[in-house]
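So the structure is just underneath, and the comments pick up after that.
Residue numbers count from 1 along this sequence. Just so it is clear, the structure is predicted and the values come from calculations on it, not from any experiment. Below, each value reflects all heavy atoms present in this structure, side chains not excepted, and no hydrogens, waters or symmetry copies. Read the numbers this way: they start at 1 and go in the same order the structure lists the ligands and their atoms.
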Amino acid sequence: MKRLFTLLILLAVGFQSNAQTTSIDPWIKTPANVLNDFMDQRFGLFIHWGPVALRGTEIGWSRGTNVPTAEYDQLYKEFNPVLFNAEEWVKTAKNAGMKYLTITAKHHDGFCLWPTKFSDYNIMNSPYKKDIVGELAKACKKYGLKFCVYFTVLDWHDPNYPIHLPDGKNPDPKADMNKFVSTMKNQLQEIVTKYHPYMLWFDGNWESPWKNEYGVDIYTFLKKLDPNVIINNRIGGGQPNSHPKLSPEIIGDYATPEQKIGELNMKDPWETCMTICQQWAWKPNDKLKSLKECIQTLAKTSGGNGNLLFNVGPMPDGRIEQRQVSRLKEMGEWLNTYGESIYGTKGGPFKPNEIFAATRKGNKLYIHVFERKSTNLVLPALQGVQVNKAYLLKGSNIMHNQDASGVITLQLPAQLPNAEDSVIVLELNTNAENLPVQS
Ligand code: FHN
């Protein structure tokens, strides 16, 4: 009811162009229940892909650096990923225990993976001629994953965007940002109305041409199309160092720490984005993260009350490398056993560290044990809380005691059941989600 009222108010006074204002009308912000649902998902697949896979260099950033600009901009004419199978990609995500998928519909190089009417530089003008974004949206719907779209606000290929190379220098005086933003709105309208993304992952907001006012305008525009679409914090003018933060002046619904685990934060929603290898786009023989690093990153992200958007870079033929598929499957196998300690949990109340992290749901406190340094694992004190029961998730009871100050000591088995992350459940005499975060 409140949202209908909001919409009527906004329609009545007319959606003033927000090009002048630098903050979002609180009434149109993404509802808390929608954001809570997003944070319950905990784990998603990020996919960086485009014609640059033909060179195995970084998407966007290798244009005019590792790959001459003219050569880079012609790659789409060779791009024919005949082994692309959207359902295979979505099943890979599902088998990994992932709940959402985010595809780079348009990265900094400007190439569009959907049949946009507003740029000829798109997949329909490659030999492949199929709607990658549409196929993934359909496959996500079929397999019950939430479909999300990455969209860059900088575009080094578009003549109306002033910066044409990754060095960010020499803004082009012939560029026209008003036309550029108009094209962006048209393309975003295509994406939202045709594919109905659950979340939009903006990026590239750090270059000088992009102003906060554009972010307000785009956020407001998107909310007219879908009041519930979730929007990250890279839509306003800003610096990369602002990505891990969320604040009233930063436009967007959640913070986006990159290639690192965000800090424990019970107030502001956040999602770490991280590569399973080193490069965002596919790179031959790139270094693959170990299973231990993958699982412990997920546990520490959840322990910090955040989501993990974990990235793969598919090959030029449309397949995701088998070693990456296998690594993700191993994560899924871990989640098959321990998923209740990740999905729908809150992080904390202890700060994640190299020995353990904590998540919680109802009266259960989950202790993710990464290393067995000694027989006893001593947890910070929980005042006024009683541990009624302690046991390995899906396993045997754990000896425990609690001293007068509330310090909890767990007696670990000689052999932990899981080399990456063994989860111990502490059943409390209170709701664990209400416990204050321990400094
Ligand atoms: O420049 C991009 C980069 O290519 C990649 O897309 C990451 C993913 O978060 N974002 C930007 C770097 O911060």
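- Screening residues 161-198 for ring-ring contact (aromatic ring centres under 6.0 Å, His included), with sequence neighbours left out, gives Y161-F180.
- At a heavy-atom distance under 4.0 Å, only side-chain atoms of R234, from C-beta outward, approach ligand 1.
- Scanning the protein for heavy atoms near atom 5 (C) of ligand 1, the closest one is H48 NE2, 3.4 Å.
- Distances below 4.0 Å separate heavy atoms of W61 from the following atoms of ligand 1: 1 (O), 2 (C), 3 (C), 4 (O).
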With a cut-off of 3.5 Å and sequence neighbours excluded, list every side-chain donor-acceptor pair involving residues 334-342.
{"unit_1": "W334", "atom_1": "NE1", "unit_2": "D421", "atom_2": "O", "d": "2.9"}
{"unit_1": "E340", "atom_1": "OE2", "unit_2": "Y366", "atom_2": "OH", "d": "2.6"}
{"unit_1": "S341", "atom_1": "OG", "unit_2": "Y338", "atom_2": "O", "d": "2.6"}

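- The side chain of H108, and not its backbone, has at least one atom closer than 4.0 Å to an atom of ligand 1 (non-hydrogen atoms only; side chain from C-beta on).
- Among protein heavy atoms, the minimum distance from atom 11 (C) of ligand 1 is reached at D203 OD2, 2.9 Å.
- Those atoms of ligand 1 that come under 4.0 Å of a heavy atom in W201, given as number and element, are 9 (O).
- Here the protein heavy atom with the shortest distance to atom 13 (O) of ligand 1 is E258 OE1, 2.7 Å.
- Residues E71 and R55 are paired through a salt bridge, judged by an N-O separation under 4.0 Å between the basic side chain and the carboxylate.
- Although no hydrogens or angles enter the test, the distance criterion places no donor-acceptor pair under 3.5 Å between the side chain of R234 and the main chain of A255.
- Using a 4.0 Å cut-off to heavy atoms of C273, the atoms of ligand 1 that qualify are 9 (O).
- Neither the backbone nor the side chain of E58 has any atom closer than 4.0 Å to an atom of ligand 1 (non-hydrogen atoms only).
- Distances below 4.0 Å separate heavy atoms of Y150 from the following atoms of ligand 1: 6 (O).
- A salt bridge links R323 with E321: the distance from a Lys NZ or Arg NE/NH1/NH2 to an Asp or Glu carboxylate oxygen falls below 4.0 Å.
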